[in-house]
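Notes follow once the structure below has been shown.
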Protein chains: 2
Amino acid sequence: MKIDPDSNAGLSAQIAKSIRDAIISGALIVDERLPSEAELAEHFDVSRPTIREALKRLAAQSLIRTQRGAFGGAFVRHLSYEDAREQLVTTSTLLLSMNGISFDTACEARFALERACAPMAAQRRGPEQLAIMRAEIERQIEPGLTDEAFCASDVKFHRALVDGAQNPVLSYQLSGSIEAMQPLMNMITFTARSRAEIVEIHTGILDSIEARDAELATKILQQLEDVTKRLAYSVIDAKAVAHSKKALTDAARVSTD
Amino acid sequence: MKIDPDSNAGLSAQIAKSIRDAIISGALIVDERLPSEAELAEHFDVSRPTIREALKRLAAQSLIRTQRGAFGGAFVRHLSYEDAREQLVTTSTLLLSMNGISFDTACEARFALERACAPMAAQRRGPEQLAIMRAEIERQIEPGLTDEAFCASDVKFHRALVDGAQNPVLSYQLSGSIEAMQPLMNMITFTARSRAEIVEIHTGILDSIEARDAELATKILQQLEDVTKRLAYSVIDAKAVAHSKKALTDAARVSTD
DNA sequence: AGACTTTTAAATGTCTGACAAATGAAAATC
DNA sequence: GATTTTCATTTGTCAGACATTTAAAAGTCT
């Protein structure tokens, strides 16, 4: 195999790409063993550390797993929903935090997608999803609950709703939207009053899903989006006020120095 | 920093996780320079190759970029939409191909999400998106077009539709659904008749989006889902027939041996 | 003094060689 | 025949070295 040593991509990156393409194209199938590091090193005409760096890149993407010992080696990994979800959440979270995505934009996207699941969930939800939603609502009315725990429960509730659609691809895609918003949601302080409001909405969603009323469920989800945005605005406004107050204070202090 | 050498996770994996967490938590901000490999090696009390493997893992996830030379090093990378999209498509494609997802399931998820974008696209689409959709429809009626090119144009058309919602998060999330289905779509042979049918539907979508008719656009997208599934079924059926014919032939040959 | 060239130090990229640890197969032993 | 031991294979890790790149610093010329 020819690897261009003059490319500025780096040898290990090129080798990783080469193997990755083979996996994606299906030339290497699940659980198939790759050649040993020594063989790969000879094949690509590079040293073993370089091969190892390439393999680590693939391992980071959950494309391969490695096993030590005789008859060990690198194997094409079966990409599970859990692995895929984890990567999606990581990437989505970073994307939101690094690109200055407004709460509004993220919230709009998330609820638009979630509303798309509602009709399917209303039609197909099983008793497990209803049970989870009910349990999480119970949890959300516990008095001593921290904001983080409230958010975590909120995520579980909505994941159960999405899972109700009984479409694993949908569950996977939505987890990126729902869980990636958790850091943003965690910035909100949930007052007793706003919690009660959310719990009431959640109860409405649960009831409508249980009653297989797709239209109502969609409508209540729209309400939840509005309430969530309103809550976020109040937090942002409070911060803006705090900032300008601080700015004023700072300015006053400087002027008296 | 203490790294547990007895953990079966592997040193480089643990170190990668440690740095990754720091990036995700915001302790390391964009464009911040990480310590040099030598310093990291000393800090984590491991050798430089081990540090390098850890850094390659992070590079594979587009979390860092490296720069050679004096004052070079590893920098926290600004995760662009393009990078995130690329990773999402890779992961989604593998997820579909490795978990025996039926065309039905993938198709249902994709169109459910796409329909969620339609109302927003109808309301906010700009002239750019309309132009792209129009251009791709023109392309799709070219006579000599291969099936692959037809699929590729189809993807562009639908991406333009989603982009019309003017929500980058939505565009990002949907690209995973739309592009990851391309390998599945490529298995379909598009007859002149089915192409005409699809082009007609695409035209209907374009017109309804241009007319800001959200309801009509959603309805036509539902039609497209039905047509797409029907097309896929015919391909699957044809293959099933071919298989059973082959099985019969094989059986006949065996019995005469 | 200012613009250009050269030097130099710092950092990543890569290689060689070595040893440790895990692991399953094969051989040896009871 | 079942159990234990040995052994070869393969990944995990380390140490040290050299090559290459890069930008700052020093030097040089106009």
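Keep in mind that the numbers below use all heavy atoms, side chains included, and drop hydrogens, waters and symmetry copies. Every chain is numbered from 1, with letters handed out A, B, ... down the list of sequences.
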### Query
Is there a donor-acceptor contact under 3.5 Å linking the side chains of A/Ser171 and A/Asp163?
yes
[N] [atom2] sits how many Å from [X] [atom1], rounded?
X       : N      : atom1 : atom2 : answer
B/Glu42 : D/dA15 : CD    : C1'   : 15 Å
A/Leu34 : D/dT10 : CG    : P     : 13 Å
A/Leu11 : D/dA19 : CG    : P     : 16 Å
B/Arg68 : D/dA23 : CZ    : P     : 12 Å
B/Glu37 : D/dT13 : CD    : P     : 16 Å

### Query
Within the structure shown, what part of the strands sits under 4.0 Å from B/Arg33 by heavy-atom distance: base, sugar-phosphate, or nothing?
sugar-phosphate
### Task
Hey, which sits more toward the 5' end of DNA chain D by its nearest nucleotide, B/Ala70 or A/Gln67?
A/Gln67
### Summary
Rounded to the nearest 0.5 angstrom, the CG-CE distance for A/Asp83 and B/Met98 is 10.5 Å
### Message
Measuring from atom CZ of A/Phe75 to atom CD of A/Glu32, what distance do you get when rounded to the nearest 0.5 angstrom?
### Response
10.5 Å
#### Entry: First of A/Phe71 and A/Arg48 reached from the 5' end of DNA chain C, by closest nucleotide
A/Arg48
[X] with [Y]: basic N within carboxylate O range, under 4.0 Å:
X        : Y        : result
B/Lys56  : B/Glu53  : no
B/Arg110 : B/Glu114 : yes
B/Arg65  : B/Asp31  : yes

### Any B/Thr50 side-chain nitrogen or oxygen under 4.0 Å from OP1 or OP2 of D/dC14
yes
### Query
Between A/Ser36 and D/dT9, is there a side-chain N or O to OP1/OP2 distance below 4.0 Å?
no
### Message
Students should find this one: the first and last nucleotides of DNA chain C, 5' to 3', lying under 4.0 Å from a heavy atom of chain B. What are they?
### Response
C/dA9 to C/dT14
